[in-house]
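Counting begins at 1 with the first residue of the sequence.
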Amino acid sequence: MRHSGGAPGPSSRAGQKIARGEQMRQGSNQQDYGSGEFALGFTRGDPHHLVDVTDLEDSLPAPVIRTVGDSVVVQLGGEIDLLAFQRMAPLLDAVAAGPYRVVAIDLTGTTFFDCSGLSLILRTHRRARERGGRTRVVCRHRLTLRIIELAGLNEVLEPAGTVEEALR
């Protein structure tokens with residue numbers, strides 16, 4: 001039997017899967033996120049699919065900030081992802097608004113870097129540039145450098161291998 005091209009009906013296999021997915025989605029919308037537990041697309045009564053987010057390891061160590069003459073170095077470590085963006089944005093906003101000629105973001109201690117990290121650095125760059133400063137990235141990790149290169153930001157962020165090189 002050929003499908004006529006319309007939407008799958010509830011009696012077809014595709015229609016049943018869509019209906020089951022809708023039930024799961026509706027069930028997952030009735031969760032208590034304040035408890036630290038949530039189900040990923042499954043009904044709340046299925047304990048095999050619960051994730052306790054309160055036990056997630058904090059992969060973001062505190063940044064180390066130091067001034068070097070008229071520049072500042074912000075050393076980040078751990079995973080630079082969306083969580084890091086949310087936690088570090090206010091700090092880097094304040095640093096970028098300061099009187100520093102160069103804001104060097106040292107990524108040599110990072111273990112992961114994604115597009116959220118790139119957004120964080122670009123945000124810092126824009127804020128520093130608004131007041132006449134500039135931002136440099138200190139990085140030797142091949143994949144992080146590749147992300148910067150693929151985004152076309154080599155000339156903007158001027159990646160350097162060492163802090164001393166970034167502050168020149």
Any chain of hydrophobic side-chain contacts (each under 4.5 Å) joining V95 to V163?
no
State the CG-CG distance between L76 and L91, to the nearest 0.5 angstrom.
8.0 Å
Could you report the tightest heavy-atom contact between L145 and P159, atom names first, then the distance?
CD2-CB, 3.7 Å
Validation row: I80, T144 side chains within 4.5 angstrom (heavy atoms):
no
Using 0.5 Å steps for rounding, measure from the CD1 atom of I147 to the CZ atom of R142.
11.0 Å
Measure across R134 and E158 and return the closest heavy-atom pair with its distance rounded to 0.1 Å.
NE-OE2, 3.6 Å
ILVMFWY network linking V74 to V156, side-chain heavy atoms under 4.5 angstrom
yes
Got a donor-acceptor contact below 3.5 angstrom from the R127 side chain to the A97 backbone?
no
Where is the tightest heavy-atom contact between I148 and L157, given as atom of each residue plus distance?
CG2-CD1, 4.3 Å
Verify same cluster id: V68, I65 (apolar side-chain graph, 4.5 Å)
no
For the atom pair CG (L82) and SG (C115), what is the distance rounded to the nearest 0.5 Å?
8.5 Å
How many angstroms lie between CD1 in I105 and OG1 in T124, if you round to the nearest 0.5 Å?
4.5 Å
Please determine whether a side-chain nitrogen of the Lys or Arg among E149 and R146 lies less than 4.0 Å from a carboxylate oxygen of the Asp or Glu.
yes
What do the steps show when you test V138 against V73 for side chain to side chain contact (heavy atoms under 4.5 Å, CB included), and what is the final call?
CA-CA 9 Å; V138 180; V73 178; 6.0 Å; no
Can any side-chain N or O of R140 pair as donor or acceptor with the backbone N or O of G161 at less than 3.5 Å?
yes
Separation between CG of L167 and CG of D70, rounded to the nearest 0.5 Å
9.0 Å
Going by side-chain hydrogen bond (donor to acceptor under 3.5 Å, both in side chains), name the residues that satisfy it together with T67, two or more places apart in sequence or in a different chain.
none
When rounded to the nearest 0.5 angstrom, what distance separates CG in D81 from CZ in F113?
10.5 Å
Show the nearest heavy-atom pair for residues A84 and L120, with the distance to one decimal.
O-CD2, 4.4 Å
If every non-hydrogen atom of L118 is compared with every non-hydrogen atom of A151, which pair is closest and at what distance?
CD2-CB, 3.6 Å
Closest non-hydrogen atom pair, R131 against V103:
NH2-CG2, 4.0 Å
